[in-house]
Every structure is written in C-alpha cells, then in structure tokens.
Amino acid sequence: MKKLRCAVIGLGMGRGHVRGYREHPQCEVVAVADIDKKKLEEYQKAEQIPEVFTDPVKMLKKVKPDLVSIVVPNKFHLPLTLAALEHGCHVLCEKPMALNAAEAQIMEVTAEKAGLRLAVNFSSRFSPQAFAMKKLVDEGTLGEVYFARSIWQRRRGMPGFGGWFGTKALSGGGPLIDLGVHRLDLALWLMNYPEPQWVIGSTYNKIAAPIAAREKKNFDVEDFACAMIKFKNGATLELEASWAGNIKPNEMMSTRLLGTQGGLYQFNPDGNYEFQLEAYVERGGCQYDMKLHPPVPESHSSYYSFADAIINNKPFSVSAREGVVVMQLLDAIYESSATGRPVELP
Ligand SMILES: NC(=O)c1ccc[n+]([C@@H]2O[C@H](COP(=O)([O-])OP(=O)(O)OC[C@H]3O[C@@H](n4cnc5c(N)ncnc54)[C@H](O)[C@@H]3O)[C@@H](O)[C@H]2O)c1
C-alpha cells in the first residue's frame, strides 16, 4: 500500500512532528525544510531524512508531499500554509493558527476552496486524560457544564529575550497566544465550542519588561494574561497564562469544569508534564470523588491521528474553524486589554 508522504517545515518542535508521523506504519517522512542549513544537515544525518531544503517552497515544488507540518515562528504560518495548500498538500499547522483571526480566516477559506485538510496542532487534546475528560462530558456525567477555568502559568519561563517569541511582529503575543491557546482550546473542546458572546481580558508585562530592559533585549509582548469569556448559552470560561508570575510551582497547568451533576479537574501536581484527572459527582444526594487510574485510555499523538484521518478518510478532531474561533477570542482578549473595555463578538 502506498504510504502517506509527510514533510515538516521547521526544526524546533518540528522534530516532534517527524517522530509522530514515523509512529504511523502507513506514513513516511520524505523531506524536511529549515532556513538553518547547519541544523538541517545535522538533523538529516542523525535521523536519515531523505531530502532536506533551506527553502520550504522549493521543497513543496520538488517533493510534492501529501501532508506538510508548518512548525515555524507564528508570522510564517500564513504564508507557508498558503504555499503548501497551493502545492496540493494537506496541512497541520502549529498553534496559534496565525498572528490573528483575519489571517486564520484566509487559511481556512483557502483550504476549503482547495478541498484540502487544514488542522491546528492543539496537542493538549491528545493526552489520555483529555480523552477521558471528553468522554465523561459527552456521556453526560457532568450534566450541564456552566463554568470552566483553564490555566497555564509559569513562575519564570520566558523563552529567551530578543528571540521571536518575545517579538510581537513575529509571534503575535506572549504567553496568551503561546501557552494559553492550548488551555483555551482544551476547555472549549470539552464544552463543545459554545458560541462566544463577549470577552474581557487583561495583559501585563510587569516582571519580564524590566529584565529585558536590563539585558537590552526586545520584549514587546505580555508576560501574563487573564480573561473571562461569556458564551451565548450562558456558560463562562476563565483563562490565565503566564511566562512569569509569582506563584509557587514552576509550571502549573489545569483545566476545571463545573457541571450541574459533576465536576472535572485535570492538573499537573508535580509541575511537570504528567497529568492527573479527578472527577467529583453528586449521586443520590451524596458527594463522591473519582480519580483516573492506570491503565489510562489508549491515545495517539495529534500527528499520528491527523495522518491516520487522511489515510483512512476519517474526520479529525481539530478543525480549521476551531483554530479561527480561538484566534477571534485571542484577538478579543488583546483588544479588551488595550481598550480597558469588554469586547462583543459578532
Ligand atoms: N504544539 C505544541 O505543543 C508546540 C510546542 C512548541 C512550539 N509550538 C509551535 O511551533 C512553532 C515553532 O516553535 P518552536 O518552539 O519550534 O520554535 P523554534 O524557534 O525552536 O524553531 C523554529 C524553527 O523554524 C526555523 N524557521 C524559522 N523561520 C523559517 C522559515 N520561514 N522557513 C523555514 N524554517 C524557518 C528556524 O530556523 C527554527 O529551526 C510555533 O508556532 C510554536 O508556537 C507548538
């Protein structure tokens, strides 16, 4: 059987995409592109990549992959996604989908017109705990979900001053668009993406700004963001994200859902990337606590799952539309912070 020919653009997190595609027996990684020639050559040698390119568009032209991962600084998500679609490739684009919702919409419409798949790598959905949570919500264990609180805070975790992450023109924003985007999507997915009504948000740059100034490095994004999103169905979502904040854990990730018949809490108790999941329910007038114990539900990575969806012509869990909605919410949070007013969504 012919294998799905996958290519990856960008060799930071892109290395994870290569590993993910290689886990699928019907996928092969045929090429990788990165503007850094030295990195590219070392990686090709270490990982036996058939072809490497310093120009991603040349790669698309010459190799014509079936599926391309876009794993480059956020500013390049739009042009490289459009280039990949133009060359007939399905696209898995890293989060955030683009610098803003207007760009994300162009990507969505172009993919639709081309009849190709475009998905965003909301990888937080692809953990065993996330699958277990989704199952509990969808089978009604929580009743009506009316509140969620989703957090990704770092005590000190700024990804280097002077780089693209801290430069708004390249990244579109700080921890909100970098970390918050994952926890926002996770909560929205669990709540079945209710239609947003209005947003109020605040961003701050209190801790990183003075350090960047001392080091004479650019840092023109926030280091902390918080928001409240009200949905048309009456539900509310609170979001917090930071690269710097005076909290106890080095890294704190959690998503909490409250429903009329139960609640869920996914969290990383030890400040690392190991999650636990607890559920709290009321049955027959009594309160019960539950905990997810091994064996956890089987789960595959987003890369494996996206490739598998293309190979077997199945739906994939993340849509371009969801990527656009997330960008609309992030835009609204930044706008609300800039104006000091709530922002109504259309
Ligand atoms: N889903 C996740 O969990 C996750 C984790 C990390 C990063 N990301 C996302 O992945 C993307 C890349 O982040 P990163 O941490 O890998 O950054 P990085 O800076 O570590 O790596 C980016 C790579 O892209 C290359 N590059 C830059 N511009 C390019 C271009 N125009 N064409 C080809 N190559 C180019 C750079 O040389 C570099 O090797 C970002 O959108 C980020 O938000 C997602």
Side-chain angles (χ1 to χ4, degrees), residues 7-21 31-44 46-47 49 51-61 63 65 68-84 91-100 103-104 107 119-127 130 152 154 157-186 189 221 241 243 251 253 268 272-273 275 301-306 317-318 322-323 326-327 330:
V8 173
I9 304 176
L11 274 181
M13 179 64 194
R15 294 160 195 250
H17 289 235
V18 170
R19 278 195 301 276
Y21 294 132
V32 164
D34 195 292
I35 49 172
D36 184 330
K37 192 161 186 271
K38 188 165 173 275
K39 201 190 259 187
L40 200 53
E41 286 171 355
E42 282 171 8
Y43 188 71
Q44 178 178 35
E47 293 296 326
I49 307 291
E51 290 191 82
V52 295
F53 296 82
T54 48
D55 179 343
V57 179
K58 269 195 190 142
M59 176 188 81
L60 296 169
K61 259 191 202 133
V63 179
V68 175
S69 273
I70 311 291
V71 203
V72 289
N74 305 341
K75 180 183 165 62
F76 307 113
H77 289 187
L78 169 72
L80 289 175
T81 295
L82 296 188
V91 174
L92 180 61
C93 180
E94 262 304 342
K95 51 48 64 172
M97 186 166 171
L99 290 181
N100 51 53
E103 289 190 359
M107 293 157 70
V120 182
N121 190 23
F122 288 138
S123 45
S124 296
R125 289 192 199 184
F126 292 83
S127 74
W152 190 337
R154 288 185 183 152
M158 292 153 287
F161 291 116
W164 73 264
F165 278 101
T167 304
K168 195 166 172 67
L170 295 173
S171 61
L176 176 65
I177 206 167
D178 181 43
L179 307 178
V181 67
H182 275 302
R183 302 312 291 185
L184 174 60
D185 168 69
L186 181 63
W189 178 58
V221 297
W243 282 337
E251 187 130 30
M253 291 176 269
N268 66 331
N272 56 28
Y273 285 62
F275 284 96
S301 69
S302 49
Y303 325 105
Y304 180 107
S305 308
F306 187 51
S317 142
V318 187
E322 290 166 339
V326 165
M327 289 314 307
L330 297 178

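Hydrogens, waters and symmetry mates play no part in the numbers below; they use all other heavy atoms, side chains included. When a ligand or atom number is given, it counts from 1 through the structure's own listing order.
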Please check if the side chain of Q44 supplies one atom and the backbone of I49 the other of a donor-acceptor pair under 3.5 Å. yes
If you scan protein heavy atoms around atom 44 (C) of ligand 1, the nearest is E94 OE1, 2.9 Å
When you measure from the heavy atoms of W164 to every atom of ligand 1, does any distance fall below 4.0 Å? yes
Note: K95, heavy atoms under 4.0 Å from ligand 1, region reported as both
State the atoms of ligand 1, each with its element, that fall below the 4.0 Å cut-off from a heavy-atom position in K39. 38 (C), 39 (O)
Among all protein non-hydrogen atoms, which one is nearest to atom 15 (O) of ligand 1, and what is the separation to 0.1 Å? F165 CZ, 3.6 Å
Which residue supplies the protein heavy atom nearest to atom 30 (C) of ligand 1, what is that atom called, and how far is it? I35 CG2, 3.9 Å
With respect to V72, determine whether any N or O atom, backbone or side chain, lies less than 3.5 Å from an N or O atom of ligand 1. yes
Given side chains that start at C-beta, do those of N74 and M97 come closer than 4.5 Å, heavy atoms only? no
With respect to atom 14 (P) of ligand 1, which of K37, M97, M13 exhibits the smallest heavy-atom separation? M13
Atom 2 (C) of ligand 1 [closest protein heavy-atom partner, distance rounded to 0.1 Å]: H182 NE2, 3.5 Å
protein heavy-atom neighbour closest to atom 32 (N) of ligand 1 works out as P56 CG, 3.6 Å
Looking only at atom types and distance, does a side-chain atom of H77 sit under 3.5 Å from a main-chain N or O of P96, one as donor and one as acceptor? yes
Does N268 reach the main-chain N or O of M253 with its side chain, forming a donor-acceptor pair under 3.5 Å? yes
Judging by distance only, is a nitrogen or oxygen of D34 under 3.5 angstrom from one on ligand 1? yes
Closest approach of any protein heavy atom to atom 41 (O) of ligand 1, naming residue and atom: N74 OD1, 2.6 Å
Any idea which protein heavy atom is nearest atom 27 (C) of ligand 1, and the distance to it? P73 CD, 3.3 Å
Determine whether V120 and V326 satisfy the following criterion, side-chain contact (heavy atoms from CB on, under 4.5 Å), listing intermediate values before the conclusion. CA-CA 10 Å; V120 182; V326 165; over 6 Å; no
Which is it for Y273 and E251 under the side-chain contact (heavy atoms from CB on, under 4.5 Å) test, yes or no, and what are the steps along the way? CA-CA 9 Å; Y273 285 62; E251 187 130 30; 3.2 Å; yes
Do K75 and W164 have side chains that get closer than 4.5 Å, going by heavy atoms? no
So do the side chains of F126 and S317 get within less than 4.5 Å of each other, counting heavy atoms only? yes
Ranked by distance from atom 20 (O) of ligand 1, the top protein heavy atom is G12 CA, 3.7 Å
